[in-house]
Amino acid sequence: MIVLAGDASPSEKHAAAEMQTFIEQISGAKLPMAGEAEGSKKMIVIGACDTQRKLAPEMDVTAMGEEGFAIKTVGPHLVIAGGKQRGTMYGVYTFLEDVLGCRWYTSTVSKIPEMRSIRFGSLDIAGKPDFEYREPYYTDAWDADWAARNKVNGNAPRLDESRGGKIAYNRFCHTFDELVPTGKYLKDHPEYYSLVNGVRQGGQYQGQLCLTNPEVVRVVTETVLTWIAEKPDFRIVSVTQNDNGNYCQCEKCKAVDAEEGSPSGLMLRFVNQVADEVAKSYPNNLIDTFAYWYTEAPPKITKPRPNVRVRLCPINNCQHHPYEICPENKAFMDRLNGWHAITNNVLYIWHYNTIFANYLLPLPDLEELAADVPLYKRSGVVGVFFQGTYTAGNGPYGGGGFMDDLKAYLLAKLAWNSKTDARAVRQDFLQGYFGKAGKPIAEYLDLLHDKVRKENIHGHIFDSVEKAAFLTDDVMAASNQLFDEAEKLASSPDELRRVKHARLSIRYVEVYRQAKKAASGSPAEKREAIADLRRFVKDCQADGIVNASEGGPIQGWYEGLAAPLRQ
Ligand SMILES: [Zn+2]
Ligand SMILES: [Zn+2]
């Protein structure tokens, strides 16, 4: 019997229903749901309640926070209880996953074991996340059930109250232009905007704000307070620079920049003033700002207020190698350590885990991720945003980036527990998702990772196909051989489609190179290259892929390569 407290939260009720559903899927038995008064000889008690306190009085649910939980067997009973927001729910999923062996690999592919009798020994498990905010940013990861079951709680997933809600941002990033719109103010108050080469300019891609102007502080504070009043449950409000490098060069701003040794100092002085005003009316809301581009280096003097969350964005890093060991990332390591020193263990990270210029281009960053999520944890980071292929499309076999189905899953596991054995998760995923075909795909991934590790080849998130020199003819040939093998080993049409989807990354490089080469080739070579390109794009579109890069439709990518071949 599944016993649920009378005052169960929406996510606890949902968790009880999930327990019932999956136990039935596993065993065929539908357990009855009951209230506390109907206690039986064998109970699964879900959530803090009198029955839980009687059976397991030592469970201190209030000390577990919003997301922590405990799982405990007591005689013939099983008790799962934790924070009412998401903790109990995460306890139920952890039981189903770690004890019973359920897996939710993608929104459409799960592995639920089958057994007539469910048996397990005595349990005493405590769980809580390593990071307060966890977001693998892939279209498939926005599925509400996938997100709840894999214990992510970030901004984009469609998590409703029954799935524990989420840590929502009130505007997500690059908000200066919305906070002080150029359309509204530039004409009458050019002094609100950044002075660049003698001209005041604002706008998302043209300019920033003049942060030493007290009127700008006033306008931004008023707007932020309006935003919070409209959506008080959205915990974090973003006060973040526009997406360009044109920060203010007026005398006052320049003087602060010089004093602080980095424009991040003035940014914090500005954001702190907003945060102080917000704290007076909304002590539980947080203000987000960036350490990005010209503000990536930490300041010498100013520290963020306790209600400010700084998101550090390692945008220029080599993503092939763990940050601590790649010489290219030395400057970033200094910045990370610098921010760690002044953010009192509440730093957030905006990590990049796809090639934004070529979503499908192989990016062997699984070893980098496995090393750097623990690095973040050691560096006082409490929030992790992993920006992946978020605009590729949303087909049945993942979005449309290199191994994005595997990456979203692995990142969810690492975000919950940074000490997760990433290698074991990878193996489990490949086996569960591709079946027997998972073995050659594992070898393919090893091939790519070994190549960039052993030969010290660096990689970046805006790399071109030309730049991906590690994809030598030998590596391409070996990859194709492994995919041939994988296609043979696939044991169902679905598995075969997943293998073919993963193979699109190798085909992407092939058809690109073929098209470039054919541009100076014979008419027959040109015709063949166009036909291959067309076939490739058709296969991508059949898998739901709409964009080949962050903002570039795959159709446009095709046209760009095919046009020179038609002459
Ligand atoms: Zn200025
Ligand atoms: Zn490197």
Side-chain angles (χ1 to χ4, degrees), residues 105 136 138 314 317-329 332 351-356 358-376 386-389 398 401-414 418-434 437-465 467-486 498-499 501-510:
Y105 293 124
Y138 293 89
N317 282 16
C318 163
Q319 309 293 350
H320 283 177
H321 306 119
Y323 292 172
E324 277 175 299
I325 60 171
C326 178
E328 280 207 0
N329 298 336
F332 172 76
H351 193 95
Y352 302 90
N353 28 272
T354 189
I355 297 182
F356 293 89
N358 292 280
Y359 275 160
L360 281 165
L361 188 60
L363 172 65
D365 64 348
L366 296 174
E367 293 175 3
E368 178 271 312
L369 294 168
D372 289 334
V373 181
L375 165 71
Y376 291 150
F386 299 107
Q387 191 180 15
T389 50
F402 168 73
M403 298 307 289
D404 53 357
D405 32 23
L406 165 63
K407 281 198 204 179
Y409 183 78
L410 175 64
L411 287 168
K413 300 298 168 218
L414 284 167
S418 62
K419 292 197 181 71
T420 293
D421 181 346
R423 184 92 200 164
V425 170
R426 194 202 303 185
Q427 290 308 115
D428 176 78
F429 180 95
L430 295 175
Q431 207 172 41
Y433 189 69
F434 295 108
K439 195 165 168 280
I441 294 183
E443 288 171 38
Y444 155 71
L445 293 177
D446 280 338
L447 174 77
L448 301 184
H449 287 83
D450 287 353
K451 180 81 180 172
V452 297
R453 177 171 14 87
K454 287 177 185 157
E455 297 181 23
N456 233 351
I457 302 169
H458 308 291
H460 306 88
I461 60 169
F462 295 108
D463 278 353
S464 60
V465 178
K467 198 108 200 286
F470 70 99
L471 297 167
T472 59
D473 290 348
D474 285 352
V475 168
M476 292 295 286
S479 299
N480 271 321
Q481 213 170 2
L482 289 164
F483 274 111
D484 285 345
E485 207 183 309
R498 288 173 216 153
V499 172
H501 182 79
R503 191 172 191 163
L504 290 174
S505 281
I506 290 298
R507 289 180 61 198
Y508 181 79
V509 177
E510 277 176 342

The side-chain contact (heavy atoms from CB on, under 4.5 Å) partners of E510 (sequence neighbours excluded) come to M476, N480, I506, R507

With sequence neighbours excluded, what pairs up with D365 under the salt bridge (Lys or Arg N to Asp or Glu O under 4.0 Å) test?
K407

Return the set of residues passing side-chain contact (heavy atoms from CB on, under 4.5 Å) with A486 (not counting sequence neighbours), or none when no residue passes.
A437, P440, I441, V499

For the pair Y105 and F429, name the ring-plane relationship: parallel under 30°, tilted 30 to 60°, perpendicular over 60°.
perpendicular

Quick check on Q431: does its CD atom have over 12 non-hydrogen neighbours (other residues, nucleotides or ligands) under 6.0 Å away?
no

Tell me, yes or no, whether the heavy-atom count around Q427 atom CD, taken from other residues, nucleotides or ligands under 6.0 Å, exceeds 12.
yes

Test salt bridge (Lys or Arg N to Asp or Glu O under 4.0 Å) applied to E485 - qualifying residues, sequence neighbours left out:
none

Who are the ring-ring contact (aromatic ring centres under 6.0 Å, His included) partners of Y138, not counting sequence neighbours?
none

Of all residues at least two apart in sequence or in a different chain, which pass the ring-ring contact (aromatic ring centres under 6.0 Å, His included) check with F470?
H320

Sequence neighbours excluded, the answer for salt bridge (Lys or Arg N to Asp or Glu O under 4.0 Å) partners of R423 is D446

Listed partners of Y508 passing ring-ring contact (aromatic ring centres under 6.0 Å, His included), at least two apart
W557

Can you list the residues that meet the side-chain contact (heavy atoms from CB on, under 4.5 Å) rule with Q387, with sequence neighbours excluded?
Y137, W350, Y352, F356, F385, Y390, E550

With K439, which residues qualify under side-chain hydrogen bond (donor to acceptor under 3.5 Å, both in side chains), at least two apart?
none

Partner residues of H460 under the ring-ring contact (aromatic ring centres under 6.0 Å, His included) criterion, sequence neighbours left out
none

Applying side-chain hydrogen bond (donor to acceptor under 3.5 Å, both in side chains), can you list everything that pairs with T420, at least two apart in sequence or on another chain?
none

